[in-house]
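To keep things clear, I will list the structure first and then write my remarks on it.
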Amino acid sequence: MFSGLRNNFLAGVVVIAPIGLTVWLIWTLIGWMDSWVLPLVPGRLNPEQYIGINLRGVGVIFFLVFTVVIGWVAKGLVGRSFLRFGENLVGRMPVVRSVYNAAKQIAETVFSQSDTSFDEACLIEHPRKGVYAIAFITTKAKGEIDAKLPYDEEIVTVFMPTTPNPTSGFLLFVPRSDIIELDMSVEDAAKLVISAGLVYPADTAGAPDGAIPLPTRNRAG
């Protein structure tokens, strides 16, 4: 009887824990955003002044509406003119210029709608021969880096994340022949990295028992 109760309890934890954690994170994020946005909203526009209670999520709505309006204005002729004027003004400030340019580049990379995200997952030999690590192909190496690397073949830029925090990692420039491309999606590869190898994708290119097939390579020399 106790064994059955324990198994049912563990099964319940497996179901409740992800749901509870997700709800808690969303609730906390909404509250954090409200605490930043609502103090900037004029009192006459704050529903709390009329109903007497704090509605969680109002700050998020104000933020979304404000962001959409700013984006709409920035896409127009007048908005682009003001944006260029502001960027030229910021470009003359040594410290502010560096912070602004870095933040702008990160935002454009993360939120860009073009094909600037990770293309596919792959395996590379790291940190030594015979040991493989998951990485993500970003683009081909360009400019000075591509010109000065002593290879006659294509050089690929890859990002190798760390476990369990995939936002940190290493930027590597690897010859195309040293990359083993994976059939799994970028999302499945990210789950594999975050879970420290505990969560494998449902299908790994038909490999038996979830094993990832590696091609036979000539290591002579």
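Values below: all heavy atoms of this structure, side chains included; hydrogens, waters and symmetry mates excluded.
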Exercise for the section: Test Leu192 against every option in Ile134, Val199, Leu198 by the side chain to side chain contact (heavy atoms under 4.5 Å, CB included) rule and name the one that passes. Expected result: Ile134
Fill in the blank from the handout: Rounding to 0.5 Å, atoms CD1 (Ile30) and CD1 (Ile61) come to a distance of 9.5 Å
Exercise for the section: Begin from the C-alpha positions of Val174 and Val156 and carry the test side chain to side chain contact (heavy atoms under 4.5 Å, CB included) through to its verdict. Expected result: CA-CA 5 Å; Val174 185; Val156 180; 5.5 Å; no
Exercise for the section: Kindly compute the distance separating CZ (Phe63) from CD1 (Ile70), expressed to the nearest 0.5 Å. Expected result: 10.5 Å
Completion exercise
Rounding to 0.5 Å, atoms CZ (Phe136) and CD (Glu120) come to a distance of 11.5 Å
Problem - Verify same cluster id: Met33, Val41 (apolar side-chain graph, 4.5 Å) - result: yes
Practice task
I would like to know whether Thr162 and Ser168 meet side-chain hydrogen bond (donor to acceptor under 3.5 Å, both in side chains); could you show each step before the answer?
Solution key: CA-CA 6 Å; Thr162 56; Ser168 63; 2.6 Å; yes
Practice task
Using modelled atom types only, decide if a donor and an acceptor are shared between the side chain of Thr138 and the backbone of Thr157 within a distance under 3.5 Å.
Solution key: yes
Handout entry: Phe159 atom CZ, over 12 foreign heavy atoms within 6.0 Å
Key = yes
Handout entry: Passing candidate, side chain to side chain contact (heavy atoms under 4.5 Å, CB included) with Val60, options Val37, Val65, Asp34, Leu29
Key = Asp34
Handout entry: Qualifying residues under ring-ring contact (aromatic ring centres under 6.0 Å, His included), relative to Phe62, sequence neighbours excluded
Key = none
Practice task
Under the side chain to side chain contact (heavy atoms under 4.5 Å, CB included) rule, what do Asp188 and Tyr200 come out as? Steps first, then yes or no, please.
Solution key: CA-CA 7 Å; Asp188 288 337; Tyr200 270 79; over 6 Å; no
Handout entry: Pair Arg80 + Glu87: basic N to acidic O under 4.0 Å
Key = no
Handout entry: Shared hydrophobic cluster for Trp36 and Ile26 (ILVMFWY, side-chain gaps under 4.5 Å)
Key = yes
Exercise for the section: Would you name the heavy atoms of Arg176 and Glu153 that are closest together and state the gap between them? Expected result: N-OE1, 3.6 Å
Which atom pairs, one a donor and one an acceptor, fall under 3.5 Å between side chains of residues 1-13 and the rest of the protein, sequence neighbours left out?
unit_1, atom_1, unit_2, atom_2, d
Asn7, ND2, Ser3, O, 3.2
Asn8, ND2, Gly4, O, 3.2

Exercise for the section: Find the distance between CG (Leu123) and CG (Asp178) and round it off to the nearest 0.5 Å. Expected result: 12.5 Å
Handout entry: Other cluster members, Tyr151 - Ile/Leu/Val/Met/Phe/Trp/Tyr, side-chain contacts below 4.5 Å
Key = Ile145, Leu149, Ile155, Leu171, Phe173
Completion exercise
Minimal heavy-atom distance between Ala121 and Ser185, with the atoms involved, is CB-O, 4.4 Å
Handout entry: Rounded distance (nearest 0.5 Å) linking atom CZ of Arg56 with atom CG of Leu38
Key = 10.5 Å
Completion exercise
Output for pair (Met93 CE, Tyr100 OH), nearest 0.5 Å, gives 12.0 Å
Problem - In one Ile/Leu/Val/Met/Phe/Trp/Tyr side-chain cluster, 4.5 Å: Phe82, Leu89 - result: no
Practice task
Measure from the side-chain N and O atoms of Ser35 to the backbone N and O of Trp32, and report whether any donor-acceptor pair falls under 3.5 Å.
Solution key: yes
Practice task
Give the C-alpha distance, both sets of side-chain angles, the deciding distance and a yes or no for side chain to side chain contact (heavy atoms under 4.5 Å, CB included) between Leu83 and Lys75.
Solution key: CA-CA 10 Å; Leu83 186 60; Lys75 291 170 63 177; over 6 Å; no
